[in-house]
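Residue numbers begin at 1 in each chain, while the letters A, B, ... track the order of the sequences.
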Amino acid sequence: QQQVKQSPQSLIVQKGGISIINCAYENTAFDYFPWYQQFPGKGPALLIAIRPDVSEKKEGRFTISFNKSAKQFSLHIMDSQPGDSATYFCAASKNSGGSNYKLTFGKGTLLTVNP
Amino acid sequence: NAGVTQTPKFQVLKTGQSMTLQCAQDMNHEYMSWYRQDPGMGLRLIHYSVGAGITDQGEVPNGYNVSRSTTEDFPLRLLSAAPSQTSVYFCASSDRVTGQGRYNEQFFGPGTRLTVL
């Protein structure tokens, strides 16, 4: 049972364009939704995260949009740059007495930004 | 701070061999986890620990053992390696969440690429 579904598997965007990656979850107990960025040969690193009590969070060129009723969230990368080329993972977890360390990941999206 | 460190970076094993993947963190984090990453599968949780002496199974625990004798170290043991365990292994650590509405970040190590022939 895949609890977090991510799409697309791969995405090619021109420099300056908008990259959009979507995720859907099944477990309504999830209450923490981070996005991780991974460069080749490196471990994932937290990019941005959102809680379900807000519908949008923006940090620089990166924005998470969250739709609680649809159980969906998405990552938008504005003005995409070649340096953004990486694999992006959405994830989810639930906070239970401080225990939101068990992340459930989507399968990842390989983003390529062409110069 | 070195953060989360993993050794070795690369390892090749033969089927049936055993080995231990090392993970250490210097951030005094209570929580540590092991994930495996396979192409097209994302990252899947193998085992995790909420503190020294306390471990539990994740999504894909079969074939792996863990122990946590100190806060800093969380080794992952393969007792009898199988080709299905060929993967990239990531260790992660995070601090305890304190207070309602706070969410902790998981910090990942650089990974160990394991090939089982």
Side-chain angles (χ1 to χ4, degrees), chain A residues 1-10 21 23-25 27 29-54 57 59 64 66 86-110, chain B residues 2-6 9-10 21 23 25 27 29-51 54-61 68 74 88-113:
Chain A
Q1 179 186 7
Q2 185 184 356
Q3 294 199 56
V4 179
K5 295 183 179 180
Q6 183 172 347
S7 62
Q9 277 189 304
S10 62
I21 304 171
C23 282
Y25 63 97
N27 189 344
F30 287 148
D31 59 1
Y32 172 66
F33 303 90
W35 285 89
Y36 278 81
Q37 180 187 55
Q38 184 182 31
F39 293 105
K42 305 292 185 182
L46 180 66
L47 182 64
I48 187 172
I50 197 168
R51 298 176 336 205
D53 53 348
V54 297
K57 182 174 182 180
E59 290 185 1
I64 300 179
F66 186 82
T87 300
Y88 292 82
F89 294 96
C90 62
S93 70
K94 56 182 178 180
N95 185 355
S96 175
S99 59
N100 67 326
Y101 45 83
K102 291 192 291 182
L103 292 171
T104 299
F105 283 87
K107 293 186 175 182
T109 296
L110 177 62
Chain B
V4 179
T5 57
Q6 292 183 239
K9 289 186 181 299
F10 303 94
L21 280 63
C23 174
Q25 52 93 8
M27 297 173 282
H29 285 168
E30 285 195 54
Y31 301 146
M32 297 186 74
S33 308
W34 276 102
Y35 294 85
R36 61 178 288 174
Q37 182 176 22
D38 302 292
M41 295 295 293
L43 289 93
R44 293 179 292 171
L45 182 64
I46 304 172
H47 285 286
Y48 64 95
S49 168
V50 300
I54 307 171
T55 63
D56 206 345
Q57 296 180 349
E59 180 185 356
V60 288
R68 184 122 177 251
F74 190 42
V88 181
Y89 292 85
F90 289 100
C91 179
S93 73
S94 59
D95 207 352
R96 170 179 285 274
V97 171
T98 55
Q100 184 65 30
R102 286 197 57 198
Y103 297 81
N104 53 345
E105 174 182 353
Q106 286 207 32
F107 294 86
F108 284 80
T112 293
R113 183 174 295 274

Colleague: Just so I know, are the side chains of L103(A) and Y35(B) near enough to count as touching, which here means a heavy-atom distance under 4.5 Å?
Modeller: yes
Colleague: Applying salt bridge (charged side-chain N to carboxylate O under 4.0 Å, His left out), name anything that partners K57(A), two or more places apart in sequence or on another chain.
Modeller: E59(A)
Colleague: What part of L45(B) lies closer than 4.5 angstrom to a heavy atom of chain A: side chain, backbone, both or neither?
Modeller: side chain
Colleague: How close do G43(A) and F90(B) get, heavy atom to heavy atom, and via which atoms?
Modeller: CA-CE2, 3.3 Å
Colleague: Could you tell me which residues satisfy side-chain hydrogen bond (donor to acceptor under 3.5 Å, both in side chains) with N27(A), sequence neighbours excluded, listed by chain and number?
Modeller: none
Colleague: Tell me, for P34(A) versus chain B, whether the close heavy atoms (under 4.5 Å) come from the side chain, the backbone, both or neither.
Modeller: neither
Colleague: Rounded to the nearest 0.5 Å, what separation is found between the NZ atom of K102(A) and the CD atom of Q106(B)?
Modeller: 11.5 Å
Colleague: Atom CG of L46(A) and atom CZ of F108(B): how far apart are they, to the nearest 0.5 Å?
Modeller: 9.5 Å
Colleague: Name the region of E30(B), side chain, backbone, both or neither, that has any atom closer than 4.5 Å to a heavy atom of chain A.
Modeller: neither
Colleague: Any chance CZ of R113(B) has more than 12 other-residue heavy atoms, nucleotides or ligands included, within less than 6.0 Å?
Modeller: no
Colleague: Output the option from Q38(A), Q9(A), K42(A) having the highest count of non-hydrogen pairs under 4.5 Å with chain B.
Modeller: Q38(A)
